Amino acid sequence: MSHQCSCIAGGTFLQCCGKEIADWDAYRFLLCLGNEASRPFHGRWARHRDLVKRLVDQAAGGIRWERCLVLGAGNCNDIPLDHLADAFTEVTLFDLDESALAAAAARLSPRQRAGLRLLAGDLTGLHASGTAEAIARLARRGRWPELVQYLGKLRKKIRSLPPPELDHGYDLVVSVCVATQLFVPFIRAVAADSPLWDRIHAHAADISRALSNRLGEHMHRSVEPEGAVAFATDILEWNAARLGLAGRVAPLALDSEAIDPAAVDELLRGHSHLKNVGAVPENLAGLFTPVHAVDWIWAFSDWKQYVVRGFVLHPR
Ligand SMILES: C[S@@+](CC[C@H](N)C(=O)[O-])C[C@H]1O[C@@H](n2cnc3c(N)ncnc32)[C@H](O)[C@@H]1O
């Protein structure tokens with residue numbers, strides 16, 4: 001399987017855009033590249049952002065509007081940031097990519113910026129602990145059997161990775177399309193051209209599920225007992241390359257704001273290869289009273305679309 005760098009100039013990430021990047025910074029740098037590429041999409045994602053705003057309003061009904069935390073805020077192209085800044089006394093944006101957070105903040109008025117806090121940090125601990133560095137080093141040298149072994153061990157010790165430094169007591173926590181981005185894009189970028197990709201991918205799927213569960217725990221720990229979480233997640237992806245396989249997915253792409261969840265579930269049953277691993281943390285129902293609010297289509301780009309599933313979560 002060949003895997004091109006996301007800039008599509010050719011070669012894999014480590015031979016292309018990541019060539020000059022130190023191994024210790026490869027994980028953060030890859031996220032920055034993705035955010036840089038989607039930074040101009042603020043206008044394109046207006047409808048998606050509006051649907052996130054409706055989810056936020058649904059989650060925020062009946063809670064105190066003082067402190068809000070956005071996890072994986074990035075450019076805030078999919079976050080109704082001006083709405084949050086107007087409504088909450090304090091809004092904290094958390095992401096590993098500081099430049100994306102700064103770009104998001106720059107769109108606000110000085111009054112809206114007054115209560116804004118930008119917090120750079122790692123939701124997974126992969127960057128902070130040097131784990132991603134070790135993975136990048138093995139991949140860059142093509143030491144694939146060692147990488148398989150390393151990932152096999154990592155999947156059993158996700159809980160020992162350092163947690164992000166996050167406060168408690170937020171009235172509203174928002175997370176939009178982050179759960180699927182914690183590991184799969186990175187491992188694909190550094191290792192998808194490996195002859196051992198199938199084994200790497202099997203471990204990566206387990207690691208992604210474990211990291212997604214940790215995200216569930218972070219959301220639960222950060223939110224006030226009387227607060228709420230607006231959690232939206234890209235459960236299914238299809239893109240130009242996969243479209244031929246997608247069969248009945250394509251009709252859903254027609255402008256559909258609130259699509260029938262039963263149709264999505266049916267689709268997932270028949271097209272499991274389109275399912276995004278780790279999209280919905282498995283511990284969600286244990287930690288929260290989850291209300292599955294709405295599903296919608298996110299037209300990410302001309303060649304990529306997602307079904308996004310929105311939940312309103314109340315901590316148990
Ligand atoms: C698909 S984007 C979400 C879109 C983003 N809200 C926006 O509008 O630009 C996923 C976001 O999660 C962030 N992210 C991924 N892994 C992270 C990690 N380990 N720690 C902190 N942020 C992370 C990325 O930097 C990116 O901004």
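Keep in mind that the numbers below use all heavy atoms, side chains included, and drop hydrogens, waters and symmetry copies. All ligand and atom numbering here is 1-based and tracks the order in the structure. Predicted model only: the values in this text are computed from it and were never measured. For this chain, numbers begin at 1 and follow the sequence in order.
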Query raised in the report: Have H48 and N77 got a donor and an acceptor in their side chains that come within less than 3.5 Å?
Result: no
Requested in this report: Classify the angle between the aromatic ring planes of H220 and F288 as parallel (below 30°), tilted (30 to 60°) or perpendicular (above 60°).
Outcome: perpendicular
Report task. Just need the protein heavy atom nearest to atom 6 (N) of ligand 1, so name the residue and atom and give the distance. Result -> D78 OD1, 2.7 Å
Query raised in the report: Which is it for L126 and ligand 1 at heavy atoms under 4.0 Å: side chain, backbone, both or neither?
Result: neither
Query raised in the report: What atoms of ligand 1 come closer than 4.0 angstrom to any heavy atom of G121?
Result: 20 (N), 21 (C)
**Report entry** In one Ile/Leu/Val/Met/Phe/Trp/Tyr side-chain cluster, 4.5 Å: I187, V277
**Finding:** no
Query raised in the report: For ligand 1, is there an N or O atom under 3.5 Å from any N or O atom of W45?
Result: no
Report task. May I ask you to check whether A73 has an N/O atom sitting below 3.5 Å from an N/O atom of ligand 1? Result -> yes
Query raised in the report: Can you tell me which residue and heavy atom of the protein come closest to atom 20 (N) of ligand 1, and the distance to 0.1 Å?
Result: L123 N, 2.8 Å
Query - Subset of ligand 1 atoms that lie under 4.0 Å from at least one heavy atom of D122 - result: 18 (C), 19 (N), 20 (N)
Report summary line: Going by the 4.0 angstrom heavy-atom rule, the piece of C76 near ligand 1 is backbone
Query raised in the report: Closest non-hydrogen protein atom to atom 9 (O) of ligand 1, residue and atom name please, with distance?
Result: N75 N, 3.0 Å
Query raised in the report: Would you say the side chains of R28 and H127 form a donor-acceptor pair under 3.5 Å?
Result: no
Query raised in the report: For ligand 1, which atoms sit closer than 4.0 Å to a heavy atom of L31?
Result: 14 (N), 15 (C), 16 (N), 17 (C), 23 (C), 25 (O)
Report task. Using a strict 4.0 Å cut-off to heavy atoms of N77, name the atoms of ligand 1 that fall inside it. Result -> 7 (C), 8 (O), 9 (O)
Query raised in the report: At what distance is the nearest protein heavy atom to atom 11 (C) of ligand 1, and which residue and atom is it?
Result: G72 O, 3.5 Å
Query raised in the report: Side chains of H292 and R309: donor-acceptor distance under 3.5 Å anywhere?
Result: yes
Query raised in the report: Can you list the atoms of ligand 1 that are under 4.0 Å from a heavy atom of L182?
Result: 16 (N)
Report summary line: For C177, the atoms of ligand 1 under 4.0 Å from one of its heavy atoms are 1 (C), 2 (S), 3 (C), 10 (C)
Query raised in the report: Taking atom types as modelled and ignoring hydrogens, do the side chains of Q112 and D86 form a donor-acceptor contact shorter than 3.5 angstrom?
Result: yes
Query - Protein contact to atom 27 (O) of ligand 1 [nearest heavy atom, distance to 0.1 Å] - result: D95 OD2, 2.7 Å
